[in-house]
K.L.:
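Structure in structure tokens, see below.
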Amino acid sequence: MGLFSMTKMVFRSVSRKPATLMYPVRPAKSAAAFRGRILIEPLKCIACRKCEKSCPTQAITVDVKVRTWQIDRLRCIICNCCVEDCPTNCLSTENIYTNPMTVREGIEIYTVPPKPERKKETVDNSKTEE
Amino acid sequence: MTYLARSPWVIHYDASSCNGCDIEVLACLTPLYDIERFGIINTGNPKHADVFLVTGSINEQNKEVIKNIYNQIPEPKVVVAIGICATSGGVFRECYNVMGGIDTMIPVDVYVPGCAARPEMIIDGVVKALGILEEKWAKMEAGKK
Amino acid sequence: MIREEQKMQDITPDSLIRSVQAMKDGGKRLVQIGCARIGDIFEINYSFDKDYNFENLKLTIPSGLEVPSVSGIYTCAFVYENEIHDLYGIEITGIAIDFKGTFIRTSIKYPFGVVSSKEEDACQNKL
Amino acid sequence: MSKQVVIPFGPQHPVLPEPLHLDLVLEDEKVVDAIPTIGYVHRGLEKLVEKREYPQYVYIAERICGICSFIHGMTYCQGIEGIMNLEIPKRADYLRTIWSEYSRMHSHLLWLGLFADAMGFESLFMNAWRLREHILDDLEATTGGRVIQGSCKVGGVRRDISSEKLDEMASGLDSMQGELHDLVNVFLRDSSVRHRLKGTGILSKDDAYLQGAVGPTIRASGHSYDTRKIGYAAYGDLSFEPVVASAGDSYARCEVRAKEMFTSIDIVKQAVKKIPDGPIDMKVTGAPDGEYFARSEQPRGEVIHYIKGNGTKFLARHRVRTPTLANITPLVTILKGCELADVPIIVLSIDPCIGCAER
Amino acid sequence: MELLIFLILFPALAGLLVLLLPKDFLHGAVVKCSALIVAIVSVVLFAAEWNKGIQIYSLASEPTGQLIFLIELLIAIFLLYIGIKNRQYLVIGLVIVQTALVIWLEMAHPVSEITKNLFVDELTLIMALIVGVIGGLIAIYATGYMREYHLQHKEARDRRPLFFCLILVFLSAMFGLIFSNNLVWIFFFWEVTTLCSFLLIGYSGTEDAKKNAFSALWMNLLGGLGFVIALIALTFIKGSSFELMTLITTGPAIALIPAVLIGFAGLTKSAQLPFSSWLLGAMVAPTPVSALLHSSTMVKAGVYIIVRFAPVFEHTYAGYAIALVGAVTFLIASMIAISQSNAKRVLAYSTVANLGLIIACAGIGTYEAMWAAIFLIIFHAIAKSLLFLCVGTAEHSLNSRDIEDMDGLVLKMPKVAGMILIGIAGMFLAPFGMLMSKYATMRAFLDTPGGFLLILILAFGSAVTVFFWSKWMGKIISVPPSSGETIEKRVSISEWAALYSLSALTIVVCFLIPVISSVIVERFLKTTYGMTTSLPFENVVIMILMLVLVLILPLTFLHYRKDKKHTGPYMCGRPVNDAYAFEGSLGIRRELVISNYYLDSWFGEAKLVPVGCAAGVVLILISFAAMLIGGVIL
Amino acid sequence: MNLNIITGIIFLILAPLIGGLIAGADRIVTARMQGRVGPPLLQPFYDVSKLFEKETMVVTTTQYVYVVAYIVFIAFTGALFFSGGDILLVVFALTLAHVFLIMGAYASRSPYSVIGAERELIMLMAFEPAIILCAAGMYLVSKSFFVRDIISYNGAIILLIPGLFFAFLYVFTMKLRKSPFDISTSHHAHQELIKGLTTDFSGSVLGITEIAHWYETVFLLGFIYLFFAFNPVIGIIALIVIYLLEIYIDNVSARVRWSFALKSAWIITAVLGIVNIGILFFRWW
Ligand code: NFV
Ligand code: SF4
Ligand code: SF4
Ligand code: SF4
């Protein structure tokens, strides 16, 4: 009775276009809500270390003295906690993921503005690595 | 010219992952991602494999297993560590039974971050690994001569 | 949300087997056996269930004491008992299928048997 | 006369997505003895309660397993809420219910696929996983994560779902139902599948009960036991019947899971209809003190999170008894006397999740 | 004719000499020399007679006949004595009935008028070569083997002189059987083989041996009874004759009844179902006995006699029924062989199976079938004796005859392993003789209306054969982890001599198929049927090509010897040590154990033997019925 | 000698190409049936080329010899077949080739390859009767064992031995190692035996087995063609349809147990064999 009951699905698959998303050829689908990676607007950061404390994996290290905000991409689980806890909303989650890397260097360091003066003393700091 | 990059066969081993990355690796095989387009087959057998996909981190019991599998993959081979567990121990870094990322045991060629890594990231990671595979092959050939 | 009532009954090592047997006679199934370390004592919980009625037996023992196995009554207890042995180092005697410490192999012996200090988070920033 | 074969099965084996090893003693292909060993995935994450504050620990609890991640997080939260006697907002309960059911569907579809693969039925595997992507899309759209959702927290949930999206999800499920029917039809009707499943790995009704089987494994042996019936989250408000089968073989377990997906769809639709408006979380202050056994129904069965707080931010003990751990004893029982070819099927038929079992 | 008489008498006399020689004096030398002489003389005989067609020799039968009668009575008395001593009522009964009939036959119908008592034709020559050369080699082998045997089997009384005597007498009996044209003589030699086999099987004197010896005895006596009845029938049938060659030419109308009865005797002697159990039981005997009985002599006597009568069976229902007995035996014995792990039992079942195939051919009885049957006899004799002897040698070194214990024999005993492989390949692989004979069998079956069921049985039987031989080969070649020293040194020279000769024969004879076919077999068929057949020429070429390929392929080993990276086998990633032990559950270190499949629930003895026996009995009854009716298929 | 050596040599050269293309097409069609895109058509060639580029690891060196013997005899089988040789010899050579493959698996001694070997033997046991009976049937029809005579028989062989043809089709799946009979090894990871028979082959050893498999596929298709030899067009169409059917069946069925495979193959072969051979026998006499 149930011989070849898969037939219907097989023929449906053949008659339709393949379901494949053709990823590298076509860009990846991703939902707006997808938590890809944490972004920081270093300029807004006040190095309050709230994010560091709330991070369940200690991916964030904020150095108050040297004024750096550092994240280890190979440690972050993109849980969004830091984003929620940041008082200045300088953190956000992007729906683009971190690219694979060939050396274990997930750490990105951003310089944040020095504490007292809140001037627009633009430090070029969009960087070190990626 | 090498055909390695056109026919990388993978073997997947779940070290001590939470399954999150694991099922995403499997998802790569399925219609939506279909990595067979690149000639990738999940062989399940180290002796046929070129690419070693590891998810999860090293622990007491699986360290030998990972080493064994690695040793049974014929040269040239690459290792892709998938998910932050595999790259650094991830959330479980501080657990008593986690010894850290895969690179504490075997050399890792590509690190794929994410918790869990998305299938697209895994595809990216494997594609990146292919380049390394070709390099390794070239080196191997040079060594032969 | 429903807050389930938590029935907890304290027992001693001597009455363990008897109480567990009583549970079985009452047609209950063994849900789990768990352990917790509070300072120098271990609490072992035996949980049972019948028709969604959840009941627990709590056995409190000092460290170093041997506990008889209940796997003679409920075979499935061997899983939990091996686990407790491997994680806490509590000797459980007469387990139906005794893995002798190989059920869960850990890098630290009896990880839950020792109290960890928060300071030894040395690996925190190890790469 | 007959000669024995002793072979290692696992930890690395293509049919096992997760490591587990069995020492198989065979005669020809008949399994005389199968002794399992676990521990390849043991991380020891329960110990992390000593290093993480309890609200942060949710993220660890979620990562007990990537398949049943959401329900783990939720049950953990329920445990804390149980100790602290929190009454979380109703909408949060409903959202938890919806996501739980989505997890269940995703897990069952995943399992159906793997199960098909274990039977060497590749195209069925592909189709199951193709359907599963619909579920994952919805999960990702609503929580931001495909497999690790991270949308539950102590005192409620972290994200809301707009009512349009809820309706869209319900109708999405409706339209998926057709294909799901076709899929399930193959599992339940196809003769080659039945040939493999009928009568393999029979777990008797008594064995199932006394050996502590849970979830679909016990339901397939004729017990109508489903933890959802105790009415945690919003389940108390929704009507559903646990799916029960009586044969106790692999086919019955497959049947139960397959049919449960429809129950889940039904539950989601009811929940979407009934979901009240209101806040989705509440402020939680203080620290838990006391102990609590939180129970809920995972895709694989009843999970128990035992939580013991000591009044600090760091819990004294968190222990998870996962369904797979409970199902290991029945597994060992039903493996005896089967054939080598059935080992993958029987092992998978209890839907083992080693990540859960070993934590 | 002198050569014939020499071959018949010389071994027996040599045997008596061995028996009479003082203890431990020159036994080995005498046996070796006489075996060598027998072998050489049979070759000489062949060289002298191969192109002469049928030669019938007259020999005064009066005194010989009486002598034979006397010995027969002595044998009967001896058997009676043994039977009474051991309370074997079945044996007693059979002996009494048989002897009574023989006496009656002798008294009532003295068949002294027969003078053409000896003859030689191509088939006889082939049989003589088999008995002489292979039998001789086995005897030589036995000298080395038995020394070791008694070192290992302390429970068995050392009665080696008797043993060698029996072996040599056995050869005599076989020569007598194939050279005799007088059916009464044939019957006499027939009984001598029965007696010798009984004594040889019971040689070790253990309970088991005794039991099996008696079961062999009664079954063969039953066959003998059939033979006597055939002789008596001959006295009643008009136009019949006690001369074999004459009888055969009279055609089925006259010869069918004796043919079937003698065929029945042949079935028992060649251990066809339902009589196969004696051959299995006979495996308790020392291995040279098995080799002698089951490859080249005893059982070959059974098939020989049936093959002789094949022209009579052609196109008769009775013949067809006999063919079916053979075919069913072939299928069922092959199947049972799958479930056996005792090497000698595997060989025994395979022997039974192959004899079945020969009988199937003989029962069909067409010239093509005969061609196949003769080649089957040749190749089976060579390859099977090689295998038996190899197993015997391996057994002494491994202290086991279990195939599982031959694990990795290539490293432990490379030469013996190689020979076993040759033997096995000779039994079922393509370019080797057995398969070529199967080819002919197939064609023969297809070309005769009786072949309908046979062809199906053959197809299934061949498939089954592949299974048990291959798995045995696999066991031998699988390389164990620790490559220890070879343990071949203890094997004696006489054993090597026999083993090497037989291995060489297995291969050489394959190359010689076309020659043997055209020079001997086709002539024989021409004279018997007036028609002949052979392998198509290009098949011969292909076959030889394959043979050469198979022989040179191992040379590639030399090429691949170098710089390959070696790893352990795949073990699911588990840590494995050098001895392939792995870390198992419960903390136990487990040895990797791999055994072959025996599919006992499908092919177990308990399951198939009753089926086979029932089928055998029914078919034999049918053949009797058909004999009485005497129907002919178209 | 009437062998048509030329066609034999053509087979030796072309068969790997055709076999590889068939394998490539097979993978694409399979993928489409599963709703995927699938690999490029030339993928099998990439795979094999890659295997020859890789390092070869062996458990024992003898593995090599057996596998080389395997391909030699598979090629021999096919060449003999295509040069019009004797079909029974072809079958024998095929068996010989497989025995070599099985020996290769035995030699390595990994539990999975040995179990694979045992199962392959069982499959061989299931396969043999059907192909032998087919040969027998063809002989009964055309009165010759020679392929060249069978091919030039002017009549639709398929109509005379449809039963045997069906029996052969049934076991054909086993030889293609396709579901439901991919019992001893399969092209993707085997859920019971890792890779079964080929578990311990790697690099060029595996590459050789793969090429041998292509030879075999082409040979088997050639064998099927014999049934339709009366009309080349119909023959080719039949081959395509049959191969598509195999892919389809591969995609709509689960793997069966070995016992079922053996039992069903034997029963089908026996029943159809008796009926069909019986009819042939009594048509002639
Ligand atoms: N076992 C288990 Fe889980 C589930 N369902 C849960 O507690 O999957 Ni990973
Ligand atoms: S997303 Fe989570 S894990 Fe990542 S940095 Fe923020 S808090 Fe830490
Ligand atoms: S990112 Fe936000 S939370 Fe973190 S240190 Fe800067 S301001 Fe504070
Ligand atoms: S990286 Fe995250 S999702 Fe992946 S295995 Fe580790 S915890 Fe699970």
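All chains are named by letter (A, B, ...) in the order of the sequence lines, taking the proteins before the strands, and each is independently numbered beginning at 1. This one's a predicted model, so the numbers in the text were calculated from it and none came from an experiment.
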K.L.:
Kindly indicate whether a cation-pi arrangement holds for F:Lys175 with F:Phe127, taking the cut-offs as under 6.0 Å to the six-membered ring centre and within 45° of the axis.
P.N.:
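So F:Lys175 does make the cation-pi contact.
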K.L.:
State whether F:Phe260 and F:Arg257 meet the cation-pi test: NZ (Lys) or CZ (Arg) under 6.0 Å from the six-membered ring centroid, and within 45° of the perpendicular axis.
P.N.:
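Geometry flag: not set, cation outside 6.0 Å or 45°.
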K.L.:
Donor-acceptor pair, distance only, cut-off 3.5 Å: does the side chain of F:Thr209 make one with the backbone of F:Val205?
P.N.:
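Pair found, side chain donor or acceptor close to backbone of F:Val205.
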K.L.:
Less than 4.5 Å to any heavy atom of chain E: does that hold for the side chain of F:Ser259, its backbone, both, or neither?
P.N.:
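Both the backbone and the side chain of F:Ser259 come within 4.5 Å of chain E.
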K.L.:
Which bit of E:Leu599 comes within less than 4.5 Å of chain F, counting heavy atoms only: side chain, backbone, both or neither?
P.N.:
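Side chain only.
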K.L.:
Which answer fits F:Ala107, side chain, backbone, both or neither, if we ask what part of it has an atom under 4.5 Å from a heavy atom of chain E?
P.N.:
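Both backbone and side chain.
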K.L.:
Between E:Lys471 and F:Glu118, does any side-chain N to carboxylate O distance fall below 4.0 Å?
P.N.:
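Salt bridge: no.
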K.L.:
Using non-hydrogen atoms only, which part of E:Ile338 is less than 4.5 Å away from chain F: side chain, backbone, both, or neither?
P.N.:
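Side chain of E:Ile338 only, per the 4.5 Å heavy-atom cut-off to chain F.
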K.L.:
Tell me, please, which residues at least two apart from E:Phe460 pass ring pair (Phe, Tyr, Trp, His ring centres under 6.0 Å).
P.N.:
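Partners of E:Phe460 by the ring pair (Phe, Tyr, Trp, His ring centres under 6.0 Å) criterion, ordered by chain and then number, come out as F:Trp266.
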K.L.:
If you apply the rule side chain to side chain donor-acceptor pair (under 3.5 Å), what do you find for F:Glu128 with F:His98, and how did you get there?
P.N.:
CA-CA 11 Å; F:Glu128 283 246 311; F:His98 275 99; over 6 Å; no
K.L.:
Report the option among E:Met571, E:Met436, E:Met543, E:Arg443 that has the most heavy-atom pairs separated by less than 4.5 Å from atoms of chain F.
P.N.:
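The candidate making the most pairs under 4.5 Å is E:Arg443.
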K.L.:
Among F:Ser108, F:Gly273, F:Ala136, F:Ala93, which residue forms the greatest number of heavy-atom pairs with chain E at distances under 4.5 Å?
P.N.:
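The candidate making the most pairs under 4.5 Å is F:Ala136.
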K.L.:
Against chain E, label F:Glu55 side chain, backbone, both or neither, depending on which of its atoms sit under 4.5 Å from a heavy atom there.
P.N.:
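The side chain, not the backbone.
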K.L.:
Looking at E:Thr366 and E:Ala369, would you say the former's side chain and the latter's main chain have a donor-acceptor pair under 3.5 Å?
P.N.:
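It does hold such a pair.
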K.L.:
Measuring heavy-atom distances to chain E, does F:Ile102 have an atom under 4.5 Å in its side chain, in its backbone, in both, or in neither?
P.N.:
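No part of F:Ile102 comes within 4.5 Å of chain E.
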K.L.:
Please flag which part of F:Tyr66 lies under 4.5 Å from any non-hydrogen atom of chain E: side chain, backbone, both or neither.
P.N.:
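The side chain, not the backbone.
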K.L.:
Please flag which part of F:Ile131 lies under 4.5 Å from any non-hydrogen atom of chain E: side chain, backbone, both or neither.
P.N.:
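Answer is neither: F:Ile131 stays 4.5 Å or more from chain E.
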K.L.:
Relative to chain F, which segment of E:Trp602 carries a heavy atom at a distance below 4.5 Å: side chain, backbone, both, or neither?
P.N.:
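Side chain only.
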K.L.:
So what's closer than 4.5 Å to chain F heavy atoms on E:Phe445: side chain, backbone, both or neither?
P.N.:
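Answer is backbone: N, CA, C or O of E:Phe445 sit under 4.5 Å from chain F.
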K.L.:
For chain E, find which of F:Tyr106, F:Tyr112, F:Phe145, F:Tyr139 contributes the most heavy-atom pairs closer than 4.5 angstrom.
P.N.:
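Maximum pair count with chain E is reached by F:Tyr106.
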K.L.:
Closer than 3.5 angstrom, by distance alone: can the side chain of F:Ser110 be matched with the main-chain N or O of E:Tyr570 as a donor-acceptor pair?
P.N.:
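Confirmed, F:Ser110 side chain pairs with E:Tyr570 backbone.
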K.L.:
Between F:Ala130 and chain E, which part of the residue has a heavy atom less than 4.5 Å away: side chain, backbone, both or neither?
P.N.:
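Contact with chain E: none, neither part.
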K.L.:
In terms of heavy-atom pairs under 4.5 Å, which option from F:Thr199, F:Ile274, F:Val72 contacts chain E the most?
P.N.:
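Sorted descending by pairs with chain E, the first entry is F:Ile274.
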K.L.:
Start with the C-alpha gap between F:Asn276 and F:Leu133, add the side-chain angles, then the distance that decides, and say whether side-chain contact (heavy atoms from CB on, under 4.5 Å) holds.
P.N.:
CA-CA 10 Å; F:Asn276 209 327; F:Leu133 287 181; over 6 Å; no
K.L.:
For E:Phe428 and E:Phe468, what are the C-alpha separation, side-chain angles and deciding distance, and is it a ring pair (Phe, Tyr, Trp, His ring centres under 6.0 Å)?
P.N.:
CA-CA 10 Å; E:Phe428 86 108; E:Phe468 68 84; 8.1 Å; no
K.L.:
Tell me which of these, F:Arg119, F:Met103, F:Lys263, has more heavy-atom pairs under 4.5 Å with chain E than the rest.
P.N.:
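The option with the most such pairs is F:Met103.
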K.L.:
Would you mind telling me which of E:Ser470, E:Ser462, E:Gly461 has the largest number of heavy-atom pairs within less than 4.5 Å of chain F?
P.N.:
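Option with the top pair count is E:Ser470.
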K.L.:
Would you mind checking which part of E:Met546 comes under 4.5 Å of any heavy atom in chain F, side chain (CB onward), backbone (N, CA, C, O), both or neither?
P.N.:
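The answer is both parts of E:Met546.
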K.L.:
Taking the inter-plane angle between the rings of F:Phe73 and F:Phe100 on a 0 to 90° scale, is it parallel (under 30°), tilted (30 to 60°) or perpendicular (over 60°)?
P.N.:
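Aromatic pair F:Phe73/F:Phe100 classed parallel.
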